[in-house]
Undergrad: 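Dumping the structure here so I can ask a few things about it.
Since this is a predicted model, take the numbers as computed values, not measurements.
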Amino acid sequence: MNIKGKLLIVLCTLCVAGSFAEPRGWGLGLGTFDGDLGVQARKDFVFGEELQYAIDLQAGLYNQRKWTGRFDADFHFIFMSESMFSLYPLAGINFSVQDGRNRWGGNIGGGALIDLNTDTSLFIEGKYVGGDWSGYALTVGVYF
């Protein structure tokens, strides 16, 4: 399957899933991918009455010897979702663009959320991206 076909399947899946979800808010983070710094914007869509599942869409810009755009869609299963401190494992897909080259990968990792109030949370997330462009990522930020 070519890249356009894969991208179409991912976008359709996210649109259908997002229509049944409650948006959590926007997030901004600072991160590193294999030691290269970057910034990231993210949007979560939460499922379930007890907010137990989420799809997290992320777009980041990293300086990996050259500027690189990274786009992720991760599924989170949230433990202790009603408490002030929550943990989650994640799995998802990654799409990266650098100098007109496109690369696909899979994500696996986990993170933590710390609720500061009803509208603001801190997050920390670590994951491994495997595939055409493998590496480790760590991101720290805030949801608002």
Undergrad: Just verifying a value: how many Å separate Gln40 CD and Phe71 CZ, rounded to the nearest 0.5 Å?
TA: 11.0 Å
Undergrad: Is it the case that over 12 heavy atoms from other parts of the model lie below 6.0 angstrom from the CG atom of Leu61?
TA: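 More than 12 within 6.0 Å, yes.
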Undergrad: Measure centre to centre between the rings of Phe47 and Phe45, then say whether the value is under 6.0 Å.
TA: no
Undergrad: Roughly how far, to the nearest 0.5 Å, is OH of Tyr62 from CG of Asp34?
TA: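 Rounded to the nearest 0.5 Å, the CG-OH separation comes to 11.0 Å.
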Undergrad: Are Met84 and Leu87 grouped together when hydrophobic residues (ILVMFWY) are joined by side-chain heavy atoms under 4.5 angstrom apart?
TA: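 In one cluster with Met84: Leu87, yes.
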Undergrad: Provide the full list of salt bridge (Lys or Arg N to Asp or Glu O under 4.0 Å) pairs with a residue in residues 127-144, sequence neighbours left out, each pair given once.
TA: Asp72-Lys127, Asp74-Lys127, Glu125-Lys127
Undergrad: Treating Ile, Leu, Val, Met, Phe, Trp and Tyr as nodes and any side-chain heavy-atom pair under 4.5 angstrom as an edge, say whether Tyr53 and Leu57 lie in one connected cluster.
TA: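 Same cluster.
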Undergrad: Is there a continuous path of hydrophobic side-chain contacts, each under 4.5 Å between heavy atoms, that joins Ile55 to Phe77?
TA: yes
Undergrad: Should Leu116 and Leu122 count as side-chain neighbours, where that means a heavy-atom distance under 4.5 Å?
TA: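 Leu116 vs Leu122: side chains touch.
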Undergrad: Could you state the interatomic distance from CG (Asp36) to CG (Asn63), rounded to the nearest 0.5 Å?
TA: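 Asp36 CG to Asn63 CG: 6.5 Å, rounded to 0.5 Å.
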Undergrad: Would a distance-only check, ignoring hydrogens and angles, find a side-chain to backbone donor-acceptor pair under 3.5 Å from Asn107 to Ala91?
TA: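 No, because the side chain of Asn107 does not come within donor-acceptor range (under 3.5 Å) of the backbone of Ala91.
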Undergrad: When you compare the side chain of Thr68 with that of Phe33, does any pair of heavy atoms fall below 4.5 Å?
TA: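 No, too far: nothing below the 4.5 Å cut-off.
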Undergrad: What's the spacing between Phe79 CZ and Gln52 CD if we round to 0.5 Å?
TA: 9.5 Å
Undergrad: Mind jotting down which residue pairs meet the salt bridge (Lys or Arg N to Asp or Glu O under 4.0 Å) criterion with at least one end in residues 87-99? Sequence neighbours excluded, please.
TA: Lys66-Asp99
Undergrad: Cluster question for you: counting only ILVMFWY and a side-chain heavy-atom cut-off of under 4.5 Å, with indirect links fine, are Val140 and Leu30 together?
TA: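 Result: no, two separate clusters.
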Undergrad: Fit a plane to each ring of Tyr128 and Tyr136, take the angle between them on a 0 to 90° scale, and name the class: parallel (under 30°), tilted (30 to 60°) or perpendicular (over 60°).
TA: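 Aromatic pair Tyr128/Tyr136 classed tilted.
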Undergrad: Any donor and acceptor pair, going by atom type alone, linking the side chain of Ser86 with main-chain N or O of Met80 inside 3.5 Å?
TA: yes
